[in-house]
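Data first, discussion second: the structure below is written as structure tokens.
All values below come from the heavy atoms of this structure, side chains included, with hydrogens, waters and symmetry mates left out. We count residues from 1, following the sequence as given.
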Amino acid sequence: MKSILYVSVADPTLVSDDIYTLVGNSQQRNSADGLSGIMLYNGSNFLQLIEGDAGPLDACFARIQRDPRHSGVVVMRNDPVAVREFPEWAMRYSLVDQPIEKTLAAVRDAGAPRAETLDRIAAFVGLNRRGR
């Protein structure tokens, strides 16, 4: 089993309905493929952690990289793991519109994220807050 954590730039033409369609489709496909994870969207960027068996995960990530709804995919982690961080979620989704502390609390409540994952999420949330 392994885990991939990445960030990307959302297509600026996406609207809320597009995001919810994306999440719904991802939940269905991930459930069928035995994948789990979490996706955050800050209005400009996505951060996603997906985890599961290597074969289905690699196929899923190949589709993600070809998806025109985002660009600039940067992989922050692609590692073997013994335990899933978000085993109960085929794809947990959150719009990042709260303070960092509340976002991190919601992520902790969704699973058992590693400290490194929480650090990456905090940085992701903080990026959208700078300059405000």
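With rounding to the nearest 0.5 Å, the separation of CD in Gln27 from CH2 in Trp89 is 8.0 Å. Taken from OH in Tyr6 to CZ in Arg120, the straight-line distance is 15.0 Å, to the nearest 0.5 Å. Note: Glu51 CD to Ile4 CD1 = 11.0 Å, rounded to the nearest 0.5 Å. Of the inter-residue distances, the one linking Ile19 atom CD1 with Ser26 atom OG reads 10.0 Å to the nearest 0.5 angstrom. Rounding to the nearest 0.5 angstrom, the gap separating the CZ atom in Phe86 from the CG atom in Leu35 is 14.5 Å. Between the CD1 atom of Ile38 and the OH atom of Tyr93 there is a distance of 11.5 Å, given to the nearest 0.5 Å.
Residues Val23 and Tyr41 form no side-chain contact, since every pair of their non-hydrogen atoms from C-beta on lies 4.5 Å or further apart. Residues Pro80 and Met1 form no side-chain contact, since every pair of their non-hydrogen atoms from C-beta on lies 4.5 Å or further apart. The shortest side-chain heavy-atom distance between Leu118 and Pro113 falls under the 4.5 Å cut-off. Residues Leu22 and Asp18 have side chains not in contact (no heavy-atom distance under 4.5 Å, counting atoms from C-beta outward). Side-chain contact between Val75 and Arg77 is absent, with no heavy atoms from C-beta onward closer than 4.5 Å. By the 4.5 Å heavy-atom criterion applied to side chains, Ile50 and Ile64 are counted as neighbours. With a 4.5 Å cut-off on side-chain heavy atoms, Phe124 and Asn42 count as touching. Contact check for Val15 versus Tyr20: no side-chain heavy atoms found under the 4.5 Å cut-off.
Classification of Lys102 and Asp109 as a salt-bridged pair fails, no side-chain N sitting under 4.0 Å from a carboxylate O. Contact check on Asp58 versus Lys2 returns a salt bridge, with a Lys/Arg side-chain nitrogen under 4.0 Å from an Asp/Glu carboxylate oxygen. Glu101 and Arg108 are not joined by a salt bridge, as no carboxylate oxygen comes within less than 4.0 angstrom of a charged side-chain nitrogen.
Residues Leu49 and Met39 are members of separate hydrophobic clusters, defined by side-chain heavy-atom contacts under 4.5 angstrom among Ile, Leu, Val, Met, Phe, Trp and Tyr. A chain of hydrophobic side-chain contacts below 4.5 Å, direct or via other Ile, Leu, Val, Met, Phe, Trp or Tyr residues, connects Val73 to Leu14. The hydrophobic cluster containing Met76 does not contain Phe61, counting ILVMFWY residues as joined when their side-chain heavy atoms lie under 4.5 angstrom apart, directly or transitively. Note on Leu40: it does not cluster hydrophobically with Met91, by side-chain heavy-atom contacts below 4.5 Å among ILVMFWY residues.
Counted within 6.0 Å of CZ on Arg29, heavy atoms from surrounding residues, nucleotides or ligands total 12 or fewer; the atom is thus considered open. The environment of CG in Asp17 is sparse: at most 12 heavy-atom neighbours from other residues, nucleotides or ligands sit within 6.0 Å.
Among all heavy-atom pairs drawn from Val81 and Ser3, the shortest one is CG1-CB, 3.8 Å. When all heavy atoms are compared, the tightest approach of Ser31 to Ala90 is N-CB, 3.8 Å. The two residues Ser8 and Ser71 make their nearest non-hydrogen contact at CB-O, 3.4 Å.
Proximity of a side-chain donor or acceptor of His70 to a complementary backbone N or O of Val7 within less than 3.5 Å is not detected. Side-chain atoms of Asp67 come within 3.5 Å of backbone atoms of Arg69 as a donor-acceptor pair (strictly under, hydrogens ignored).
With hydrogens and angles left out, the side-chain atoms of Arg92 and Ser36 include no donor and acceptor closer than 3.5 Å.
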